[in-house]
Each structure stands twice: as C-alpha cells, then as structure tokens.
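A quick write-up on the structure given underneath.
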2 protein chains.
Amino acid sequence: MTARTSTESARDIPEATVARLPVYLRALTTLSEAGTGTCSSEALAAAAGVNSAKLRKDLSYLGSYGTRGVGYDVDYLRYQIAREIGVTQDWPVVIVGIGNLGHALANYSGFRSRGFRTVALLDADPARHGEMVAGIEVQPFDDLESIVAEHGVAIGVIATPAVAAQAVADRMVACGITSILNFAAGVLSVPAGVDVRKVDLSVELQVLAYHEQRKAQGELA
Amino acid sequence: MTARTSTESARDIPEATVARLPVYLRALTTLSEAGTGTCSSEALAAAAGVNSAKLRKDLSYLGSYGTRGVGYDVDYLRYQIAREIGVTQDWPVVIVGIGNLGHALANYSGFRSRGFRTVALLDADPARHGEMVAGIEVQPFDDLESIVAEHGVAIGVIATPAVAAQAVADRMVACGITSILNFAAGVLSVPAGVDVRKVDLSVELQVLAYHEQRKAQGELA
DNA sequence: TCCGTTTTGTTCTCCCGTTCACAAACTCCT
DNA sequence: AGGAGTTTGTGAACGGGAGAACAAAACGGA
C-alpha cells in the first residue's frame with residue numbers, strides 16, 4: 001500500500017512488522033500504567049491481540065531486548081520500540097480540510113500523546129478562517145508553504161473532499177512534505193520517495209458487508 | 001486482521017481481493033459518471049491505483065465478465081462487483097459514541113451513497129441525548145437492543161473512548177450484531193463468527209513517522 | 001555446582017498474495 | 001475468409017509473512 005522508493009538502510013524491518021509495532025507500544029503503555037514491570041511474550045501478545053511467536057519474531061528485528069527465562073522489561077522495551085518508530089521525537093503535523101472529519105482529527109488526543117503535534121489547521125474556505133478548533137486557529141490553505149517551512153513539517157493529513165485531494169497533495173509535495181495520511185476517497189498520485197497511507201471508511205464498511213452477506217447466505221443454504 | 005470462523009461458502013474470494021473490490025467499485029463509478037462505457041483492465045487498474053495483472057486476477061474470482069480484445073463494460077462490471085460485495089442491498093448501521101469522530105461519521109456522505117443507512121446514533125452521556133446530528137436524534141445507549149431488533153441491524157460502529165469499547169462490543173454482540181467497525185484504541189475480543197475491523201488513526205501516523213525517520217537517517221548517512 | 005523450569009531468539013516449513021508471461025478469444029481491416 | 005492487433009483469463013514462478021517447533025540462555029532450588 002505504501003510506496004517505498006527511498007534509500008534502503010541497514011536493518012530493514014518488514015512492513016507487516018512496522019504496522020504492528022505501534023500496537024505493541026500501546027499494549028506496553030497500558031501494562032506500564034498498570035504497574036507491570038516485566039512481562040512475557042505470551043502476556044504481551046495477548047494484550048496486543050497477536051500470536052506470541054509472531055510477537056517474538058517482530059521484536060527480534062529490533063534487537064535482543066528480552067531476557068530468556070524472564071521476559072521483557074516493560075519500560076525498557078517500550079522505549080526501544082518508541083525509538084525505533086521515531087515517536088520519541090516530536091513530529092509537527094498539518095491538517096488540511098477542517099470539515100467534520102478535520103474537526104475530529106484536530107481534537108483527537110491520541111495524536112498529541114504519541115508525539116504528533118498539530119501545528120496548523122488549513123482550509124480553502126474563507127468562511128472557516130479564524131475559527132478556533134482544538135485551541136488552534138483555522139488558517140487559509142495558501143499559508144501552507146510558510147507554515148511548512150517555519151515548523152519543518154514532514155507529515156501532512158488530507159481530510160478534504162475527494163475532488164480537492166490531489167491538488168492538496170501536489171501542493172504538499174511541492175513544499176517538501178514527504179508523508180501523507182489521506183482520508184479522502186480516490187487514488188493519490190505522488191512522486192517516488194513520498195509515502196502515502198490511505199484510510200477509507202467506506203471501504204472498511206463494504207468489506208464488513210461482504211462478510212455479512214456471506215454469513216446470511218450460509219444460513220439459508 | 002478480520003477473524004473469520006463462520007461457514008465456508010462455494011466460491012471464496014481471497015481476503016486481499018475483497019479489500020480491493022470497493023476500490024474498483026469506486027473507480028468504475030467515476031468512469032461511469034465520466035461517460036465511459038467500456039474500459040480495459042489497464043485503464044481501470046490505473047484508475048484504481050493497482051497493477052493490471054492483479055486487477056484481472058481479482059476480477060477472475062468473481063467470474064468472467066470481460067470480453068477479450070475489448071475490455072469490460074463499465075456499468076455491467078460495476079453491478080457485478082456491487083452484487084458480490086453486497087452493496088446492492090441496504091445495510092442498516094448503528095453508530096455508538098457521538099463525540100467528534102461520531103459526528104464526522106454520522107455526517108459522512110460516503111456511507112449513505114454506498115448502501116449504508118445510519119438508523120441510530122447512540123451515546124451513554126445523557127447530556128447528548130436529543131441532540132440532532134445529521135438529521136438524526138442522539139438516543140441513549142440503552143436503546144441499542146430495541147433499535148437493533150426493530151431495524152435488523154447487523155453492522156455496528158464503535159466511536160467511543162477506548163475504555164468503553166469492549167463493553168459496547170459485548171452489548172452489540174449480545175443483541176445480534178455480527179460485524180463491528182472499531183475506531184477505539186485497543187484490542188476488542190469477540191466470539192467466533194463476529195467480524196471486527198479496526199481503524200486506528202494513530203497507528204497510521206506512527207507508520208508514517210517510522211518511514212519518515214528512515215528517510216532522514218538515509219540523508220545524513 | 002548441577003539439574004529442572006521458564007522463556008527468548010531463530011530456523012524451517014507452509015500458505016497466501018503478487019507478478020510475469022502466454023495462450024485463448026475477440027475485433028477490425030483487407 | 002483470413003490475418004494482424006488487442007485484451008482477457010490463467011498457469012506458473014516468486015517472494016514474504018505466519019506459525020510450529022526447538023535450541024540456547026537465564027533463573028532458582030537443592
């Protein structure tokens with residue numbers, strides 16, 4: 001899904017593993033807050049909802065952070081995963097398109113608590129400019145370039161209607177953004193070296209509908 | 001991701017293909033609206049953002065709906081895919097948790113236009129009851145059972161805080177819902193036969209952060 | 001110190017999904 | 001009617017990820 005064409009680095013962690021690391025991170029945070037100091041791969045796997053063998057294999061890509069016969073130190077492992085996926089540092093993020101979804105994203109606490117700082121909310125509609133959302137003022141989309149330059153933004157979020165998405169993406173790429181999270185429908189085309197991840201709510205529902213339909217067919221057969 | 005333990009049916013379409021069918025469906029709709037009557041696998045694949053060989057293989061699981069040397073009839077193929085994933089019929093949906101995200105979901109036009117009808121918005125907070133969102137009144141969560149029974153709801157959406165999610169899922173399952181779209185953080189445990197799909201916004205950003213960090217490391221190496 | 005217990009890290013095998021490559025099938029032109 | 005040109009549908013090779021199984025390593029008790 002995510003196009004990777006940039007430079008290869010020493011250890012490359014499988015894409016499937018990368019997608020699970022944030023899940024482990026969250027499980028570890030929960031365990032830590034519950035006062036757990038050490039946990040086995042079995043326990044952590046249960047908390048993360050995966051197979052323990054898969055968990056151990058995933059962690060082995062990062063290094064050897066466990067102790068045989070004992071398990072993993074929760075806080076230590078948590079730090080190692082956070083460092084590996086880069087959430088120990090602070091990532092400035094720009095959100096474009098402050099409709100219903102943009103509002104929800106701006107207010108979503110899960111971003112800030114995980115190292116993502118929303119530095120600007122942009123919208124092309126002048127009627128929205130000046131509105132305060134989640135303590136941040138909505139600014140004109142044309143301010144994109146100056147904001148990206150000022151804060152060194154590398155990650156952009158697109159929450160606009162589908163028709164505007166490609167134009168927004170082009171502007172983002174032009175001013176140096178290299179990672180895009182896209183909530184708009186349709187396919188974005190971006191140059192090599194730019195990562196795009198897409199979240200499509202209606203696709204998720206349609207997949208559920210397919211399985212639901214199959215269940216119904218099975219019953220009357 | 002999605003646990004499938006229900007009855008196996010005649011043709012089983014690979015999970016990866018099922019996830020792409022909605023994308024093809026959208027591309028076909030766009031083509032149809034642009035007045036295109038026929039298209040090749042190459043053209044459709046470009047519109048959907050996939051490899052043409054993959055597209056043809058995916059479509060071959062549904063049947064043989066193309067014509068060699070010509071391509072696919074846009075409207076005919078669109079109908080076939082829609083029928084296969086079950087969006088020719090109307091799916092009643094319940095949304096639980098009418099915070100920022102719940103608002104966005106209730107207002108999201110992509111659901112209704114794709115055969116999903118929001119029949120109820122539920123929230124445990126009495127302060128929200130009676131509020132009109134997207135033309136629908138927010139009702140108490142305790143009305144879940146009666147609403148599900150009345151409308152024959154099979155699909156539920158969870159947009160609550162993480163702490164409430166498991167309890168909501170349990171109630172949903174107890175009253176007959178068999179497909180859940182979960183936006184809350186954390187792992188849901190449900191009995192076999194119930195499908196859960198999870199959308200985790202912060203996981204998506206963290207995956208981007210990982211790749212972004214790698215790009216940065218590559219530059220200074 | 002030595003042995004049994006626990007748990008990690010890793011190897012091996014299997015399966016699913018992707019991609020290539022090509023034969024079959026259809027259209028159009030002569 | 002026949003041949004050239006297109007495009008589908010699919011067989012086969014390939015690569016990556018999932019899970020089982022086990023050896024290596026640490027701990028604890030006698």
Side-chain angles (χ1 to χ4, degrees), chain A residues 1-5 8 11-21 23-24 27-28 31 36-74 76-78 80-81 84 207 210-211, chain B residues 1-5 8 11-24 27-28 31 36-74 76-78 80-81 84 207 210:
Chain A
M1 208 58 35
T2 305
R4 290 284 299 135
T5 332
E8 307 302 320
R11 278 182 315 202
D12 59 322
I13 300 178
E15 199 54 38
T17 297
V18 171
R20 281 188 295 267
L21 289 179
V23 179
Y24 303 155
L28 284 166
L31 286 174
T36 310
T38 299
C39 73
S40 68
S41 65
E42 201 71 47
L44 181 53
V50 302
N51 183 297
S52 70
K54 179 152 59 177
L55 170 72
R56 287 199 300 277
K57 179 174 281 197
D58 283 342
L59 295 184
S60 75
Y61 290 113
L62 311 189
S64 204
Y65 296 132
T67 309
R68 300 178 190 221
V70 176
Y72 300 93
D73 182 290
V74 171
Y76 181 59
L77 181 59
R78 185 157 69 115
Q80 293 300 338
I81 294 180
E84 188 71 35
V207 171
Y210 169 77
H211 290 306
Chain B
M1 210 62 32
T2 306
R4 292 283 298 134
T5 332
E8 308 301 320
R11 278 181 314 201
D12 59 322
I13 300 177
E15 199 53 41
T17 297
V18 171
R20 281 188 295 267
L21 290 178
V23 179
Y24 302 155
L28 284 166
L31 286 173
T36 311
T38 299
C39 72
S40 67
S41 65
E42 202 70 47
L44 181 54
V50 300
N51 184 298
S52 70
K54 179 151 57 178
L55 169 73
R56 288 199 300 277
K57 176 151 282 198
D58 282 343
L59 294 183
S60 76
Y61 291 113
L62 310 189
S64 202
Y65 296 133
T67 310
R68 297 176 192 223
V70 178
Y72 300 92
D73 181 291
V74 171
Y76 181 59
L77 181 59
R78 184 157 70 116
Q80 293 299 338
I81 294 179
E84 189 72 35
V207 171
Y210 169 78

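Proteins come first, then strands; the chains are lettered A, B, ... in the order of their sequence lines, and each starts at number 1. Note that the structure is a prediction, hence the values are computed from the model and not measured.
Residues B:L77 and B:L59 have side chains in contact (heavy-atom distance under 4.5 Å, counting atoms from C-beta outward). In this structure, the side chains of B:E84 and B:V18 stay at 4.5 Å or more apart for every pair of heavy atoms.
Shortest non-hydrogen contact noted between A:S41 and A:L55 is O-CD2, 3.1 Å. Nearest approach of A:Q80 to A:Y65, heavy atoms of both residues: OE1-OH, 3.2 Å.
The side chain of A:S41 places an N or O atom within less than 4.0 Å of a non-bridging phosphate oxygen (OP1 or OP2) of C:dT8.
Between chain A and DNA chain D, the heavy-atom contact criterion of under 4.0 Å yields a 5' to 3' nucleotide range of D:dG17 to D:dC27.
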Identify each donor-acceptor pair in which a side-chain atom of residues 42-50 of chain A lies under 3.5 Å from a protein atom, sequence neighbours left out, and give them as a table.
{"unit_1": "A:E42", "atom_1": "OE1", "unit_2": "A:S52", "atom_2": "OG", "d": "3.4"}

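Residues satisfying the side chain to side chain donor-acceptor pair (under 3.5 Å) test with B:Y72, not counting sequence neighbours, are none. Taking the side-chain contact (heavy atoms from CB on, under 4.5 Å) definition, one finds that B:A53 meets it with B:N51, B:R56, sequence neighbours left out. Not counting sequence neighbours, B:S40 has no partner by the side chain to side chain donor-acceptor pair (under 3.5 Å) test.
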Protein proximity profile, nucleotides 9-16 of chain C - base contact B, sugar-phosphate-only contact S, no contact -, cut-off 4.0 Å on heavy atoms: BBBB----
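Distance B:L55 CG to C:dC20 C1': 16 Å, rounded to the nearest Å.
Ranked by how close their nearest DNA chain D nucleotide is to the 5' end, A:N51 and A:G69 are led by A:N51.
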